[in-house]
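Below is one structure, written out as structure tokens; comments come after it.
Letters go in sequence order (proteins before strands), and every chain restarts at 1.
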2 protein chains.
Amino acid sequence: MTRWLSDDEQRTWRALVEMNRLLGEVTDRQLQHDAGIPVAYYAILVALSEAPDRSMRMSALAEAVEGSQSRLSHAVARLADRGWVRRRRCDSDGRGWYAELTDEGFEALQAAAPGHVTAVRSAVFDVLSTPQQHALREAATLISQNLRPHPVDVT
Amino acid sequence: MTRWLSDDEQRTWRALVEMNRLLGEVTDRQLQHDAGIPVAYYAILVALSEAPDRSMRMSALAEAVEGSQSRLSHAVARLADRGWVRRRRCDSDGRGWYAELTDEGFEALQAAAPGHVTAVRSAVFDVLSTPQQHALREAATLISQNLRPHPVDVT
DNA sequence: GGGTCTTAGTTGAACGCTCAAACAACTACC
DNA sequence: GGTAGTTGTTTGAGCGTTCAACTAAGACCC
């Protein structure tokens, strides 16, 4: 027998789904329009920009942005087309590749960041009190931990 | 000057993004694998099943599932291909169309629902206390309200 | 040192989404 | 009763994602 959702739970679930959708839409559109960057790519650029030498192994990068290798592979190919990322063989492991953020990529990221941050702030942080933010983070963290194979720092 | 995110805010934002992604992935995969239904289509079937006569005007349906008309149009076309939805002209308005859930569609929905509910329950409701659920709903509702043109019942 | 297994990464097709453009039917106005 | 504008819906191209299949290089082992 299925245990259906109560009205209360259903409202919570729908609110969650709607927030998800809206948040995704808004950030995506903002980045796409203001900077011509799909959100998915933005995350990749951010991860690279934070890495030493602005470069990472493909698999490490995939893990960092929580995406499949296939997706990363396609994405990096596109980013390389735009000249934002360069690929380099790995000396120590002939199978491996590095993705490296180019200067152009870094500039594109710098140009895109302010608008993105502003959008995020006005969508989330301007409408929630600090306790509300923490409660949201707590819930999000618990759900994520439960969902992913390797739980992560809860701080 | 951009007001960047504090460490605290950044952690919240990342937790939120990750939850979003995982939640989407999990529910999508579950439905796709167990029932061959993309989440997006599931929402459409649900909306239709709850409507009088199991049928709705295209535009009303689009609004109900919070999607663009274009998306709805594509989606209904696919659902019609599968025989889950039927389209009927609108008598009173020659431009209008109704989408109507077929018996096959209703059965597909009934078959898919238990697995979906179970997935949702174990992803969200099994890991959050009732106060945590309410806090999450509160935050999600506030964010959604702020993001969408027409705020909605807060209950 | 030649099998077999595993790991790193790529590829291509299928699919849903978005966007902009199109089309058709209704409405208003003069 | 045309013509201009609006509304309801569809269409097609472009794009990112997923999935399954594939290549190729390391690792292991006898």
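Residues meeting the side-chain hydrogen bond (donor to acceptor under 3.5 Å, both in side chains) test with B:Arg88, sequence neighbours left out: B:Glu100.
At a threshold of 4.5 Å between non-hydrogen side-chain atoms, the residues A:Met19 and B:Leu142 do not count as touching. In this structure the side chain of A:Arg57 never reaches within 4.5 angstrom of the side chain of A:Trp97, judged on heavy atoms. In this structure, the side chains of B:Tyr42 and B:Ile44 stay at 4.5 Å or more apart for every pair of heavy atoms.
At the phosphate of C:dG9, neither OP1 nor OP2 sits under 4.0 Å from any side-chain N or O atom of A:Arg89. For B:Arg71, no side-chain nitrogen or oxygen approaches OP1 or OP2 of C:dG16 to under 4.0 Å.
Note: CG (A:Leu31) to P (C:dT18) measures 16 Å, nearest angstrom. Rounded to a whole Å, the CG atom of A:Leu72 is 14 Å from the P atom of D:dG16. In this structure, B:Glu66 atom CD and C:dT18 atom C1' are separated by 17 Å, rounded to whole Å. As a whole-Å value, the separation of A:Arg21 CZ from C:dT18 C1' is 13 Å. Rounding to whole angstrom units, CG of residue B:Leu22 and P of D:dT17 are separated by 15 Å. Distance B:Gln32 CD to C:dC15 P: 10 Å, rounded to the nearest Å. Spacing between atom CD of B:Glu25 and atom P of C:dG16 amounts to 17 Å, rounded to whole angstrom units. Between the CZ atom of A:Arg88 and the C1' atom of C:dG9 there is a distance of 16 Å, rounded to whole Å.
Panel note: side chain B:Arg137, backbone A:Asp8; a donor-acceptor pair is recorded below 3.5 Å. A side-chain donor-acceptor contact under 3.5 Å links A:Arg89 to the backbone of A:Gly94.
Nearest heavy atom pair, residue B:Thr102 against residue B:Gly83, reads OG1-O, 2.6 Å. A:Pro114 and B:Trp4 get closest at one heavy-atom pair: N-CH2, 4.1 Å.
For residues 116-132 of chain A, the set of pairs meeting the side-chain hydrogen bond (donor to acceptor under 3.5 Å, both in side chains) definition, not counting sequence neighbours, comprises A:Arg121-B:Glu9, A:Ser129-A:Gln132, A:Gln132-B:Glu138.
Residues from residues 106-118 of chain B placing a heavy atom under 4.0 Å of any atom in DNA chain C do not occur.
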Anything under 3.5 Å between a protein N or O and an N or O of nucleotides 12-14 of chain D, put it in a table, one pair a line.
unit_1 : atom_1 : unit_2  : atom_2 : d
D:dG12 : O6     : B:His74 : NE2    : 2.8

Within the sub-3.5 Å range, which N or O atoms of nucleotides 4-8 of chain D have a protein N or O partner, and how far apart are they?
unit_1 : atom_1 : unit_2  : atom_2 : d
D:dT7  : O2     : B:Arg95 : NH1    : 3.0
D:dG8  : O3'    : B:Arg57 : NH2    : 3.3

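Transitive grouping of hydrophobic side chains (ILVMFWY, heavy atoms separated by less than 4.5 Å) brings A:Val85 and A:Phe106 into a common cluster.
Relative to the ring axis of A:Tyr41, A:Arg78 does not place its NZ or CZ within 45° and under 6.0 Å from the centre.
In this structure, the nucleotide among D:dT18, D:dG16, C:dG16 sitting nearest to the side chain of A:Arg78 is D:dG16.
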Table please: side-chain donor-acceptor pairs of residues 25-38 of chain A below 3.5 Å, with sequence neighbours left out.
unit_1  : atom_1 : unit_2  : atom_2 : d
A:Glu25 : OE1    : A:Arg29 : NH2    : 3.4
A:Glu25 : OE2    : A:Arg21 : NH1    : 2.6
A:Thr27 : OG1    : A:Leu23 : O      : 2.9
A:Thr27 : OG1    : A:Gly24 : O      : 3.2
A:Asp28 : OD1    : A:Val39 : N      : 3.4
A:Gln30 : NE2    : A:Asp34 : OD2    : 3.2

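Residue B:Pro38 is the one, among A:Arg29 and B:Pro38, whose nearest nucleotide of DNA chain C lies closer to the 5' end (criterion: closest heavy atom). Nearer the 5' end of DNA chain C, as judged by each residue's closest nucleotide, is the contact made by B:Gly67, out of B:Asp91 and B:Gly67.
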